[in-house]
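Values below: every heavy atom of this structure, side chains too, minus hydrogens, waters and symmetry copies.
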Amino acid sequence: MTELYLRVENLVSGYGDLTVLRDVALSASPGKITVVLGANGAGKTTLLSTITGVVKAQAGTIELLGQDVTRTPTHLRVRQGLALVQEGKRVFRQRTVEENLALGGRHLGRRDRAAAIEVAYRRFPVLKDKSRQKAALLSGGQQQMLAIAQALVPEPEVLMLDEPSAGLAPVIVKELLATVRTLRDEGKAVVLVEQLVGEALSVADQVLVLNRGHVVIDEPASAVTEDDVRAIYLGVGAMTT
């Protein structure tokens with residue numbers, strides 16, 4: 001059995017008296033992309049926020065690299081190898097590209113941080129060309145690349161992406177998904193939340209579909225079609241798992 005970098009079991013989560021996720025399971029393996037799909041309000045962002053610890057789990061377990069982190073503070077989960085790129089190109093707009101990358105490695109020593117920034121520039125050559133520019137001057141696609149590069153500076157084992165294609169032109173989405181494939185090939189365990197169903201399925205190894213906080217599909221990508229997913233969005237049925 002392939003070692004799991006991330007394992008979520010029987011997860012219940014929400015906000016105060018509002019329960020959003022009910023008995024959710026998810027796993028992510030090295031060198032694999034787990035795609036999470038679902039209509040707006042299905043619980044996708046809540047799932048990622050609970051895995052990071054920003055939202056507290058009400059029940060269930062979260063394991064990262066074999067360690068139970070269900071009650072571990074967010075900053076310690078990050079140091080243990082977890083990274084999240086939030087929706088919306090979350091970068092420090094008034095700081096330069098290089099300053100953004102340095103902030104991603106703020107817990108590293110100076111030499112290790114400098115080496116990690118060079119790795120980021122090899123992954124994203126366009127960022128090296130603009131290293132002295134403020135992030136606000138980058139295009140939307142470049143800002144998203146910077147957000148991903150910043151998250152990768154500490155070399156996390158598990159990278160979670162929350163709708164990275166939002167607001168991007170189709171040609172940039174294609175480039176972004178190529179980057180996600182490369183990260184998978186480097187051995188990262190990638191969890192990708194997306195609204196673009198066809199594009200997400202094209203890179204997926206495993207597919208998880210949420211509907212009203214429940215998992216209704218958890219299958220290898222080869223067993224899931226775009227029609228299966230859209231049927232759930234429209235409320236006309238679901239595959240059984």
Item to check | Worked check of side chain to side chain contact (heavy atoms under 4.5 Å, CB included) between Gln195 and Asn40 | outcome: CA-CA 9 Å; Gln195 284 285 6; Asn40 289 334; 2.5 Å; yes
Checklist entry - Is there side-chain contact between Glu3 and Tyr5, with at least one heavy-atom pair below 4.5 Å? => result yes
Item to check | Met160 and Leu192, any side-chain heavy atoms less than 4.5 Å apart | outcome: no
Checklist entry - Counting only N and O atoms by type, is there a donor-acceptor contact under 3.5 Å from the side chain of Arg22 to the main-chain atoms of Thr19? => result yes
Item to check | Transitive ILVMFWY side-chain link Leu37 to Val203, under 4.5 Å | outcome: yes
Next on the checklist: Glu157 vs Lys188, test: side chain to side chain contact (heavy atoms under 4.5 Å, CB included). Steps then yes/no.
Outcome noted: CA-CA 5 Å; Glu157 304 292 350; Lys188 303 292 184 190; 5.5 Å; no
Checklist entry - Between Glu155 and Arg123, is the closest basic N to carboxylate O distance under 4.0 Å? => result yes
Checklist entry - Is Leu6 close to Val191 at the side-chain level, that is, under 4.5 Å between some pair of heavy atoms? => result yes
Checklist entry - Would you say Leu208 and Val35 make side-chain contact, with heavy atoms under 4.5 Å? => result no
Checklist entry - Is there a chain of hydrophobic side chains (I, L, V, M, F, W, Y, each step under 4.5 Å between heavy atoms) that links Val78 to Ile117? => result no
Next on the checklist: Could you go through Val193 and Leu161, starting from their C-alpha distance and side-chain angles, then the distance that decides it, and tell me whether this counts as side chain to side chain contact (heavy atoms under 4.5 Å, CB included)?
Outcome noted: CA-CA 6 Å; Val193 166; Leu161 304 165; over 6 Å; no
Next on the checklist: Could you tell me if the side chain of Arg77 sits less than 4.5 Å from the side chain of Ile62, heavy atoms only?
Outcome noted: yes
Checklist entry - Can you check whether Pro156 reaches Leu82 side chain to side chain, under 4.5 Å on heavy atoms? => result no
Next on the checklist: With a 6.0 Å cut-off (strictly less than), is the heavy-atom count around CZ of Arg71, excluding the residue itself, greater than 12?
Outcome noted: yes
Item to check | Distance (rounded to the nearest 0.5 Å) between Glu194 CD and Ser165 OG | outcome: 3.0 Å
Item to check | Arg90 side chain near Gln143 side chain, heavy-atom distance below 4.5 Å | outcome: no
Checklist entry - Tyr233 and Val207: same hydrophobic cluster, using ILVMFWY side-chain contacts below 4.5 Å? => result yes
Checklist outcome for this item: To the nearest 0.5 Å, atom CD1 of Ile172 lies from atom CD of Gln144 at 11.0 Å
Item to check | Worked verdict on Leu84 versus Gln86 for side chain to side chain contact (heavy atoms under 4.5 Å, CB included) | outcome: CA-CA 6 Å; Leu84 169 64; Gln86 295 175 290; 3.9 Å; yes
Next on the checklist: Between Phe124 and Leu146, is there a side-chain heavy-atom distance shorter than 4.5 Å?
Outcome noted: no
Checklist entry - Does one hydrophobic cluster hold both Val126 and Val173, with members joined at side-chain heavy-atom distances below 4.5 Å? => result yes
